[in-house]
Amino acid sequence: MDTGNWTQVTEFIIVGFRHLRGVQTYFFVLLLLTYLTTILGNLLIFLVVRLDSRLHTPMYHFVSILSFLELGYTASTIPKMLANLLSEKKAISFSGCLLQIYFFHSLGATECYLLTAMAYDRYLAICRPLHYPTLMTPALCAKVVIGCWVGGLAGSVAEISLVSRLPFCGPNHIQHIFCDFPPVLSLACTDTSINVLVDFIINSCKILATFLLILTSYVQIIHTVLRIPSTAGKRKAFSTCASHLTVVFIFYGSILFMYVRLKKSYSLDYDRALAVVYSVLTPVLNPFIYSLRNKEIKEAVRRQLKRARILG
C-alpha cells in the first residue's frame, strides 16, 4: 500500500440511528428515561447494600459491585448515543472512538468475570454450606473483585493497540449505534484478518470460558438442590440463584452471538438490535431483577427510606 496517497481519518461519523428520522426526538426521550432509570436503580441497590448491615454478605457484596459496574458500563456508550440523537453531524474523534471501545469492552469483560464469581459464590453456599463461611471470607471477596476489575481493564489493551495502528483513509461512517470493533475494522484501508482473529480468540476465551464456568457451577448446584428432600428447601435454594441466572442468560445470550464469530461480514440491523440488548436493556433490567425478586433487598430499601424519613 502506498502510504503517501492517503490521509489518516481523524474522526468517525456514527450513523446507526439515521433510520429513525422523524422519530429521533421520541427515541431520545425513551433512551434518556431508560438511562436515568438505569442510574437510579443501580445506584439505589449499591447504596442500600452498602448502608444496610444486614446485607453485608458475600452475595450482596457482589450484587452491589455489579450495580456499580453497570453505572460505568452504560456511561461508556449511552451519553454519546443521546448526544448523537440530537446532533446533525454525529461525530466522534478517532481517539474518542478507541476510548469508547476500550471502556465498553473492558467493563463488559469485568462483568463476565464478576458474574462468574457470583456463580462460584452460589456454588459454595449451596453445595458446601458448612465450609462457606470459612471459604468465602471478606478478604477473599475483596481479592476476587479486584481480580475481576484488573482482568477486565487489562483484557482489551491488545485489541485496542492493534486497531490504533491500522490505517483509516477512506470512508469514516460507522454503521452502528456506537464505536465497536467489527464496524470500525470494516473501515480500515488494509487487511484486518489478524485483528479479526485476535478479537475472536480473546472474546472466545473471556466470554465462552466464563459462560462455561457459570454453567458448570449451576450443574453442580442443580444436582445438589435436587437431592434436598423438602420442597421448601429446594424452592429456597433455587430462589437465591434465579436472579443471577436471569441476568446471565440475558447478558450472555446477546454477546455470544455478537462477538464469538470469525467473520467480518455482519447484518447491521441484527447487530444494532443485539447492541441495544446488552448495552441498554440488560443494565436497566438488573435492578428490577435483583430487587423485585429479592425480599431482603426490598425490605432493606424500605428500612433505608424510613431512616431517611421518605416513608412514614
Side-chain angles (χ1 to χ4, degrees), residues 41-42 45-46 48-49 52-70 110-145 147-148 151 206-257 260 277-278 281-283 285-302:
N42 284 290
I45 289 183
F46 176 78
V48 165
V49 172
D52 198 303
S53 59
R54 301 184 194 184
L55 298 182
H56 290 177
T57 63
M59 181 177 74
Y60 291 114
H61 173 67
F62 289 129
V63 169
S64 70
I65 297 300
L66 179 64
S67 294
F68 179 77
L69 175 63
E70 296 290 22
T110 304
E111 183 163 347
C112 288
Y113 302 144
L114 188 60
L115 290 173
T116 306
M118 294 171 74
Y120 180 66
D121 172 71
R122 291 299 83 207
Y123 161 77
L124 290 179
I126 294 173
C127 300
R128 305 183 64 182
L130 298 180
H131 299 90
Y132 180 73
T134 57
L135 292 174
M136 190 57 71
T137 62
L140 179 60
C141 285
K143 291 177 181 178
V144 169
V145 169
C148 291
K206 66 187 178 186
I207 296 175
L208 282 178
T210 54
F211 186 60
L212 289 175
L213 285 173
I214 292 172
L215 289 182
T216 301
S217 296
Y218 274 103
V219 168
Q220 297 296 322
I221 289 171
I222 293 171
H223 179 69
T224 301
V225 170
L226 291 178
R227 292 188 296 174
I228 298 176
S230 67
T231 303
K234 292 179 181 179
R235 186 181 299 112
K236 182 179 179 181
F238 276 126
S239 67
T240 65
C241 304
S243 298
H244 179 254
L245 265 179
T246 304
V247 172
V248 165
F249 282 117
I250 294 175
F251 182 69
Y252 278 92
S254 55
I255 64 173
L256 278 170
F257 287 104
V260 185
V277 172
Y278 60 74
L281 293 184
T282 301
L285 288 176
N286 282 356
F288 295 99
I289 292 170
Y290 279 109
S291 61
L292 293 180
R293 296 180 60 88
N294 193 295
K295 183 179 179 181
E296 289 180 308
I297 287 185
K298 286 190 287 187
E299 291 178 351
V301 170
R302 292 192 189 98

Run the side chain to side chain contact (heavy atoms under 4.5 Å, CB included) test on Arg122 and Phe62 for me, step by step, so that the C-alpha distance in whole Å, both residues' side-chain angles and the decisive distance to 0.1 Å come before the verdict. CA-CA 11 Å; Arg122 291 299 83 207; Phe62 289 129; over 6 Å; no

Partner of Leu285 under side-chain contact (heavy atoms from CB on, under 4.5 Å), chosen from Val277, Val247, Ile250: Ile250

Which heavy atom of Arg227 sits nearest to which heavy atom of His223, and what is that distance? CG-O, 3.5 Å

Report yes if the side chains of Cys112 and Ile255 come closer than 4.5 Å at any heavy-atom pair, otherwise no. yes

Shortest non-hydrogen contact from Tyr218 toward Ala119: CE1-CB, 4.0 Å

List the residues meeting side chain to side chain contact (heavy atoms under 4.5 Å, CB included) with Thr116, not counting sequence neighbours, and say none if there are none. Thr210, Leu213, Ile214, Tyr252

Rounded to the nearest 0.5 Å, the OG atom of Ser64 sits from the CG atom of Leu55 at a distance of 9.5 Å

Take Val144 and Leu114 through the test side chain to side chain contact (heavy atoms under 4.5 Å, CB included) and record every step on the way to the result. CA-CA 8 Å; Val144 169; Leu114 188 60; 5.8 Å; no

Side-chain heavy-atom pair Tyr60, Glu296 within 4.5 angstrom cut-off: yes

Any chance you could measure Tyr123, atom OH, to Ser217, atom OG, to the nearest 0.5 Å? 8.0 Å

Quick one: pull up OG1 in Thr137 and CG in Leu135 and give me the separation to the nearest 0.5 Å. 8.5 Å

Test side chain to side chain contact (heavy atoms under 4.5 Å, CB included) on Leu115 and Phe211 and set out the steps. CA-CA 9 Å; Leu115 290 173; Phe211 186 60; over 6 Å; no

For a quick test of reading the model, state the closest non-hydrogen atom pair linking Cys127 to Pro129 and the distance between them. C-CD, 3.4 Å

Looking only at heavy atoms, the pair that brings Val48 and Ala300 closest together is CG1-CB, 3.5 Å

Indicate yes or no for a side-chain donor-acceptor contact from His61 to the backbone of His56 under 3.5 Å, with no hydrogens or angles considered. no

Output for pair (Ile207 CD1, Leu212 CG), nearest 0.5 Å, gives 11.5 Å

Residue Tyr132 excluded, over 12 heavy atoms near OH under 6.0 Å: yes

pair Thr134-His131: side-chain heavy atoms closer than 4.5 Å: yes

Which distance, rounded to the nearest 0.5 Å, do you find between the CD1 of Ile221 and the CD1 of Ile126? 4.5 Å

Got a second to check how far Leu245's CG is from Ile222's CD1, nearest 0.5 Å? 7.0 Å

Does a side chain donor of either Asn286 or Glu70 reach within less than 3.5 Å of an acceptor in the other side chain? yes

Please lay out, stage by stage, how His244 and Val63 fare under the test side chain to side chain contact (heavy atoms under 4.5 Å, CB included). CA-CA 9 Å; His244 179 254; Val63 169; over 6 Å; no

